[in-house]
Structure formats: C-alpha cells, structure tokens
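Reading through the structure tokens given below for one structure.
In this chain, residues are counted from 1 in sequence order. The structure presented is a predicted model; accordingly, all values stated were derived computationally and were not measured.
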Amino acid sequence: MMQYINKVISYGCDKQQFGQLIRPFGERKLAVIVVIHGGYWKDNHSLDSYPTMAIVDYLKSLDVAIWNLEYRRMEAIGENNKAPWPAVYSDIADGVDFLAEISTEENLDLSRILIIGHSAGGHLATWAGCRDKIPCTSVLFKTSALKIKCVLSIAGILNLSNSEDVDQPEQAIRLMGGSYDQFPERYQACDPNLLHGSGVALSIIHGNEDKCVEISQALTYCENSSSNVEKIFLPDADHFSMLPHEGLWHQEHWSQLKNIINNKIIALG
C-alpha cells in the first residue's frame, strides 16, 4: 500500500477555511487533484461526511497529490449568516489559489491541476475552472487566478440562474443572497452557464435518473457552451449512485466514475 503524507493546512482565518493535503512520500512533482464536496453549500455536510470521501480514498492509491478543500457553508435552515455572498466563492478561489503558496514545499505541479466536484461541489468546481471569464467589474475577479487544466463535474448544478429543476432551488437563492432579477451582476460572475468559453478541459457526468439535480441542468449547460465539453450521461444513474456511501449506490456506476477519473488524470500529462 502506498505511503502518503496527510496534513491539514489553513488557507484563511475561519475554522472552515482549510484543506486536507494528501500526497505520496517522495520528491517528485505531483499532479494535483482538488476535490470539492457538495451538500447544497450547507453546513450539514463537510469534507469528512460527504460521499466525495470515496473519491479521496480512491485517489490515495494513485501517484497524485489530493487537495480536499473545505469552505465556509450556509446554515442548514434559516438565514445565511455564516457564508453570505460571496463567501463560498471567495473561499473556493482562495483555497485553489493557495496551492501556489505551498507548491514548492509540497512538490506540486501547478500545470497539472484537476478539480473534481459533486452536486454543489460540481458547480463550484466548474466555476473555479472558468474564473478567467468572470467580469472584471466583479469583486470575485482576480488577474492572478490559478489556471486550471481539467475539471470533472459530477451531477453538478451548472445552471444556477434557473434552478427550478433541482429539488432545493431555494438554496441557490440563499447562496446568492437573492434572485437573478435582484442581483444579475452576481450571477454573471458565479453561474457556470453564464461563463462559457474558458480553455479548461471540462467533463460532465450526470445520471438520467437524477431527481435531486435533474439532467436538464447539464443539458442546458452543454447546449449553451461554445467550447468542447465531454458529456457522459449514465442512463440508469441517480444523484448518488456513482459514489459509495452509507445509502444506496451502484458498483457499475462507481467503476465508470473511476475510469473517467483515471482518464482525466492521464489527460493531465
């Protein structure tokens, strides 16, 4: 079994602003896999409790560095006081960009970064990969944003401005502090469906039987995209069947996801 280093590193002052860095022992430069968990951006899940831990555990068997990223999250119910807009986005941006600060010490190859996210994490992963398309007037615009080579969105929320095809559309309103009609400039900077054209190699995997985030979210994004997006739609997969967890999951779907992850890592070079 591969021996690896496992450490928790803060990228900010808040207790939720940290990442779990896992990498094999050795001095060789490593590709970096950033993992972003979902849970509708709410604090009833963390990087330790969400099913993306299955991805983290699988990646431990590969010769890569893992940056399992935590971020400030909203209260499960009530007002969003813990992570008012743009806290979630700025945390993801800062957490990803923090890799540049530790790259030398941790032997990270910043030219080979893959971001993987599930559900709300798929939204954040895709957003992180297209930050170069954020309008320069936005508070989230950064000229020094770390360039991402590849993104894998699993059952991601990719059409944030029109989220009636997800089972908790109110969470997008809470995340953004209001609707598109109220804050169009926020959505222009945060909705993947409004940020097309980045050079990132994006793969979208979605299940046709997903009742939490319907496949129309992925279809709308792909229809509007001007860039080459790899589309992988699994006919009988639901929202969680691709990830081993305490509930129901499907071995074949998990095997398919592992193959896709392997192909994305190969694409990093």
Side-chain angles (χ1 to χ4, degrees), residues 6-12 14-22 32-62 64-77 80 82-83 87-89 91-92 95-96 114-129 151-158 160 163 166-168 170-172 174-175 192 204-207 210-213 217-218 234 237-251 253-254 256-258 260-261 264:
N6 188 337
K7 60 177 73 173
V8 173
I9 307 174
S10 297
Y11 62 84
D14 190 272
K15 65 180 181 179
Q16 294 182 336
Q17 293 173 319
F18 68 90
Q20 180 187 28
L21 181 70
I22 305 167
V32 186
I33 317 300
V34 182
V35 179
I36 304 178
H37 72 82
Y40 272 123
W41 313 282
K42 298 185 295 182
D43 63 3
N44 56 337
H45 275 295
S46 70
L47 56 73
D48 291 318
S49 68
Y50 198 78
T52 42
M53 275 305 301
I55 295 175
V56 173
D57 288 340
Y58 173 66
L59 291 171
K60 290 177 184 178
S61 66
L62 307 179
V64 297
I66 308 160
W67 183 231
N68 192 18
L69 187 57
E70 192 57 279
Y71 51 96
R72 282 175 289 175
R73 301 176 305 286
M74 308 186 297
E75 295 88 335
I77 59 174
N80 175 18
K82 287 185 179 178
V88 172
Y89 297 98
D91 280 6
I92 295 299
V96 170
L114 162 65
I115 305 184
I116 302 174
H118 178 268
S119 194
H123 157 250
L124 295 171
T126 307
W127 175 81
V151 170
L152 174 58
S153 170
I154 308 165
I157 301 172
L158 303 178
L160 194 67
S163 57
V166 304
D167 67 344
Q168 296 184 37
E170 70 278 6
Q171 305 305 340
R174 297 176 73 227
L175 172 72
I204 294 173
I205 180 170
H206 213 109
D210 194 329
K211 305 303 181 186
C212 296
V213 178
Q217 280 277 315
L234 303 187
D238 63 26
H239 195 61
F240 286 109
S241 64
M242 288 175 270
L243 296 175
H245 60 291
E246 292 179 357
L248 297 175
W249 60 281
H250 197 292
Q251 178 63 51
H253 298 164
W254 171 232
Q256 289 174 299
L257 178 58
K258 287 192 291 184
I260 293 164
I261 291 172
K264 294 297 285 186

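When all heavy atoms of A76 and D43 are compared, the pair lying nearest together is N-OD1, 3.1 Å. L47 and N68 make their closest contact through CD2-O, 3.4 Å (heavy atoms, listed as atom of the first residue, atom of the second, distance). Among all heavy-atom pairs drawn from M242 and G207, the shortest one is CE-N, 4.3 Å.
When the shell of 6.0 Å around CD of E170 is examined, it contains more than 12 heavy atoms from other residues, nucleotides or ligands.
Contacts of A120 classified as side chain to side chain contact (heavy atoms under 4.5 Å, CB included), with partners at least two apart in sequence or in another chain: W41. Partners of T126 by side chain to side chain contact (heavy atoms under 4.5 Å, CB included), not counting sequence neighbours, listed by chain and number: V151, S153, L158, P192, L202, Y221. Every residue two or more places apart in sequence or in another chain that forms a side-chain hydrogen bond (donor to acceptor under 3.5 Å, both in side chains) with Q168 is listed here: K42, Q171. Residues passing the salt bridge (Lys or Arg N to Asp or Glu O under 4.0 Å) test with K7, sequence neighbours excluded: E106. Checked against side-chain hydrogen bond (donor to acceptor under 3.5 Å, both in side chains), Q251 has the following partners two or more places apart in sequence or in another chain: S255. D167 meets the salt bridge (Lys or Arg N to Asp or Glu O under 4.0 Å) test with no other residue; sequence neighbours excluded. With sequence neighbours left out, the salt bridge (Lys or Arg N to Asp or Glu O under 4.0 Å) criterion links D91 to R72. K60 meets the side chain to side chain contact (heavy atoms under 4.5 Å, CB included) test with Y4, I22, V56, D57, I66; sequence neighbours excluded. Take S241 and apply the side-chain hydrogen bond (donor to acceptor under 3.5 Å, both in side chains) test, not counting sequence neighbours, and it matches D238, H253. In this structure, Y40 has no ring pair (Phe, Tyr, Trp, His ring centres under 6.0 Å) partners at least two apart in sequence or on a different chain. With sequence neighbours excluded, the residues forming a side chain to side chain contact (heavy atoms under 4.5 Å, CB included) with S46 are D48, S49, E70, R73, listed by chain and number. D14 pairs by the side-chain hydrogen bond (donor to acceptor under 3.5 Å, both in side chains) definition with nothing, not counting sequence neighbours.
A distance-only check finds no donor-acceptor pair linking the side chain of H123 to the backbone of G121 [under 3.5 Å]. In this structure, the side chain of Q20 does not engage the main chain of N6 through any donor-acceptor pair within 3.5 Å. W67 contributes a side-chain N or O that, together with a main-chain N or O of G95, makes up a donor-acceptor pair within less than 3.5 Å. Within the 3.5 Å criterion, the main-chain N or O of R174 finds a donor-acceptor partner in the side chain of N80.
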Residues Y71, H37; criterion ring-ring contact (aromatic ring centres under 6.0 Å, His included); working and verdict: CA-CA 9 Å; Y71 51 96; H37 72 82; 5.0 Å; yes

ring-ring contact (aromatic ring centres under 6.0 Å, His included), that's the test. Do W127 and Y89 meet it? Break it down for me. CA-CA 9 Å; W127 175 81; Y89 297 98; 5.1 Å; yes

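Atom CD of Q256 is separated from atom CG of L234 by 5.0 Å, given to the nearest 0.5 angstrom. Atoms OG and NE2, on S119 and H206 in that order, are 8.5 Å from each other to the nearest 0.5 Å. Interatomic distance, L257 CG to H118 NE2, rounded to the nearest 0.5 Å: 9.0 Å. From C212, atom SG reaches atom CD of Q217 across 12.0 Å, with rounding to the nearest 0.5 Å.
No side-chain donor-acceptor contact under 3.5 Å links H245 and Y50.
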